[in-house]
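One structure is given below, encoded as structure tokens.
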Amino acid sequence: MRVRFAPSPTGQLHVGNARTALFNWFLARGRGGEFILRIEDTDVERSTIESEAAIVRDLRWLGLDWDEGPDIGGARGPYRQSERLHLYQSYAQELLTIGKAYRCFCTKEQLEARRAAAMDADGFAGYDGACRRLSVADVDTRLARGEKAAIRFRIPENRDVGFTDAVRGEVRFHTSVIGDPVIMRAEGVPAYNFAVVVDDALMGVTQVIRGEDHISNTPRQILLYEAMGFTPPAFAHLSLVMGPDHAPLSKRHGATSVAEFRTKGYLPEALVNYLALIGWSPRDATEVVDGASEQSELFPAHELARRFSLSAVTHSAGAFDEEKLAWANRHYLKIAEPARLAELSLPFFHNAGISIASAPEAMEFLASVIPIATSVVSRLDEVPSRLAFLFNYSVEQALEHDDLRHEMLADGPRAVAVALARELADEPRLDRERFRHVANRVKVATGQKGRALFHPIRVILTGRAEGPELDLAVPAIDRGADLAPGSGLPRITGCRERAADFSKALG
RNA sequence: GUCCCCAUCGUCCAGAGGCCUAGGACGUGGCCCUUUCAAGGCCAAAACCCGGGUUCGAAUCCCGGUGGGGACGCCA
């Protein structure tokens with residue numbers, strides 16, 4: 001089995017296309033097939049090498065890999081259509097020779113005018129066949145005169161073209177609704193419908209899995225396969241991914257590209273898992289035990305691949321639900337390696353204005369505290385604000401908030417601050433256990449308890465009324481104090497100093 | 001306009017004629033846990049688009065309607 005993903009490098013990788021790539025990859029990896037990446041850059045105007053690089057980067061980020069592609073080569077290359085022009089030219093010539101294609105001299109303006117008229121008259125919007133029966137002599141003289149001509153494929157008349165779609169079943173079109181498509185533009189560049197067919201045939205693609213928007217191109221392509229003597233591959237058309245309102249997913253709905261989801265702080269495994277859930281369910285009928293079926297929907301990519309099958313893909317379009325993506329992200333955030341999360345969150349800290357040295361001790365410290373944030377947050381971009389108290393600590397700043405100041409200036413909290421400073425003064429390294437011990441002594445010393453005791457302590461240690469769990473914050477701050485000198489971690493202060501500062505500030 | 005595809009809780013899926021008093025997940029509401037916010041646990045509300053057939057029996061099959069989407073390009 002050979003499958004492919006064939007994006008055109010005209011922009012960012014869209015999540016809908018990413019899902020198509022994913023389903024192809026699932027199939028290849030789940031059943032030992034080959035996955036090919038091919039770049040369809042025949043639109044010279046819009047294709048850019050930057051887009052190609054971005055698409056490759058995003059596919060890699062998602063964790064996809066391919067067996068053949070423009071960046072790694074392969075036996076059936078090249079894998080960029082712009083580098084295969086001679087192939088299209090020779091096949092087009094062949095079709096011309098055997099009379100299955102013909103030159104078309106119609107201009108864009110003429111075509112548009114006639115199309116509009118025909119659409120009103122009988123609803124047919126395809127090519128009207130004006131150049132279909134030009135004589136050889138005619139064509140030769142016009143060519144000799146220097147007139148530019150495109151090459152069109154002659155769609156056979158009065159035929160049914162059908163195929164068995166792997167997700168939809170039987171699909172049938174009558175050739176009367178298909179106009180002769182351009183296969184080579186006047187400039188000598190192939191048109192999409194022709195290039196895909198030549199490439200898929202030559203590259204030995206056995207299953208074409210693509211978006212539903214291509215379903216009506218399929219009959220043209222099948223006819224092209226036949227005309228050139230190729231055996232058509234199996235086709236599968238995936239329903240499209242829509243926005244929450246079931247209109248086509250667009251910027252107006254928020255993020256639409258893989259790159260945007262990355263910069264919003266989603267983990268690739270979460271996006272992959274979520275995307276797989278649109279239009280497909282990883283549930284396996286064989287796992288139904290005692291009438292209760294498998295409940296989880298969260299699986300690593302290789303497991304999704306193992307379970308994947310085209311026949312289980314839904315026929316209807318699915319709406320993109322960022323809430324559910326966020327849920328998947330929370331899950332993967334919780335099970336990810338802290339060291340990796342520390343690495344991944346670096347740019348988010350940078351954006352938040354918190355610079356963290358790349359020194360190993362700094363990264364080690366970050367890794368040790370990152371679970372404080374990732375255990376409660378939905379995305380990586382929320383991490384810095386959760387952890388800011390470790391880096392940007394200041395008594396003054398904390399007391400600038402009216403509500404906090406009022407609360408801290410009350411007798412109870414003031415007593416807690418003073419007692420905490422005193423207790424901490426003689427305390428060696430703090431960990432959760434020691435902290436509980438200290439808190440207990442503060443409780444005894446002040447007679448405060450519950451919220452009245454812990455709320456002031458939280459404000460002292462985090463400078464905020466809410467936030468990371470104290471159990472985790474305490475040892476984190478304590479470690480930071482030890483690391484601060486020369487570690488490249490700016491302005492980290494230990495518990496002892498914080499308590500003392502507050503005690504002083506509150507009088 | 002013509003052709004094609006699709007139609008189960010707000011959303012994503014399960015359901016391939018009786019197992020359905022329609023199941024799961026996200027989200028929502030409530031309760032529990034808890035020194036806060038979360039997380040976690042438990043419970044709840046919530047759907048077969050409409051109309052005709054076929055059948056002893058239809059969410060499941062057929063036809064029509066309606067609704068949504070796609071295509072009709074010298075874009076892909």
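The chains referred to below are lettered A, B, ... by the order of the sequence lines, with proteins before strands, and numbering in each begins at 1. Note that the coordinates shown come from a computational prediction; the quantities given were computed from them, not determined experimentally.
Within the nucleic acid shown, His455(A) has no heavy atom closer than 4.0 Å to any nucleic acid atom. Using a 4.0 Å heavy-atom distance criterion, His214(A) is classed as a base contact. Residue contacts for Ala150(A): at a heavy-atom cut-off of 4.0 Å it reaches a base atom on one of the strands shown. Nucleic acid contact for Thr314(A): sugar-phosphate only, since backbone atoms but no base atoms lie under 4.0 Å from a heavy atom of the residue. Glu112(A) comes within 4.0 angstrom of no nucleic acid atom, judged by non-hydrogen atoms across all strands. At the heavy-atom level, Leu277(A) lies under 4.0 Å from the strands shown only through sugar-phosphate atoms. Residue contacts for Pro244(A): at a heavy-atom cut-off of 4.0 Å it reaches no nucleic acid atom on any strand shown. Residue-level contact check: Asp120(A) touches neither bases nor backbone, having no heavy atom under 4.0 Å from any strand. Nucleic acid contact class of Met242(A) (heavy atoms, under 4.0 Å, all strands): sugar-phosphate only. Counting any heavy atom pair closer than 4.0 Å across all strands shown, Ser176(A) reaches no nucleic acid atom. Residue contacts for Gly211(A): at a heavy-atom cut-off of 4.0 Å it reaches no nucleic acid atom on any strand shown.
For the C1' atom pair drawn from A25(B) and C6(B), the interatomic distance equals 23 Å after rounding to whole Å. The separation of A14(B) from A71(B), taken at their C1' atoms, amounts to 31 Å, rounded to a whole angstrom. Distance check on atom C1': C56(B) versus C13(B) gives 33 Å, rounded to whole Å. A47(B) sits 14 Å from U8(B) when the P atoms are compared, rounded to a whole Å. Comparing A38(B) with C50(B), their P atoms sit 39 Å apart, to the nearest whole Å. When the P atom is used for both G52(B) and A59(B), the distance is 14 Å, rounded to whole Å. U55(B) and C61(B): their C1' atoms are spaced 10 Å apart (whole Å). Rounded to a whole angstrom, the distance from the P atom of A16(B) to that of C72(B) is 37 Å.
The Pro248(A) side chain lies nearest to G70(B) when the options are G70(B), C74(B), A7(B). The side chain of Asp43(A) sits closest to C75(B) out of C75(B), C13(B), C74(B). In the set C26(B), C4(B), U36(B), U36(B) carries the atom at the smallest distance from any side-chain atom of Arg458(A). In this structure, of C12(B), C75(B), C5(B), it is C12(B) that holds the atom nearest to the side chain of Lys324(A).
For the pair Thr42(A) and A76(B), the criterion of a side-chain N or O lying under 4.0 Å from OP1 or OP2 is met.
Residues Ser216(A) and Val177(A) each lie close to RNA chain B; by heavy-atom proximity, the contact nearer the 5' end of the strand is made by Val177(A). Comparing Arg152(A) and Ala319(A) by the nucleotide of RNA chain B whose heavy atom lies nearest to each, the residue mapping closer to the 5' end is Ala319(A).
Contact check of residues 154-172 of chain A against RNA chain B (heavy atom, cut-off under 4.0 Å) returns Arg168(A), Arg172(A).
At whole-Å resolution of the value, CZ in Arg210(A) and P in C5(B) are 16 Å apart.
Taking NE2 of His331(A) as the start and CD of Glu269(A) as the end, the distance is 9.0 Å to the nearest 0.5 Å.
A donor and an acceptor atom, one from each side chain of Asp43(A) and Tyr192(A), are nowhere located under 3.5 Å apart.
The pair Arg132(A)-Glu157(A) meets the salt-bridge criterion, with a side-chain N (NZ, NE, NH1 or NH2) lying under 4.0 Å from an Asp/Glu carboxylate O. Ion pair Arg115(A)/Glu112(A) not flagged as a salt bridge, since none of the NZ, NE, NH1 or NH2 atoms sits closer than 4.0 Å to an Asp/Glu carboxylate oxygen. Ion pairing between a basic and an acidic side chain is recognised when a charged N comes within 4.0 Å of a carboxylate O; Arg210(A) and Asp200(A) show no such pairing.
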| said: At under 4.0 Å between heavy atoms, how does the protein contact nucleotides 38-45 of chain B? Give one character per nucleotide, 5' to 3', with B, S or -. | reply: BSS-----

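In this structure, the side chains of Val189(A) and Tyr88(A) stay at 4.5 Å or more apart for every pair of heavy atoms.
Taking the centre of each ring, Phe320(A) and Tyr274(A) come in below the 6.0 Å mark.
One N or O donor and one acceptor, one from the side chain of Asn217(A) and one from the base of A76(B), sit under 3.5 Å apart. Evaluation of atom-type donor-acceptor distances gives a pair under 3.5 Å for the side chain of Glu297(A) against the base of G24(B).
Taking each heavy atom of Leu304(A) and Trp280(A) in turn, the nearest pair found is O-CH2, 3.5 Å. Nearest heavy-atom pair, Leu238(A) versus Arg168(A), reported as atom, atom and distance to 0.1 Å: C-NH2, 3.7 Å.
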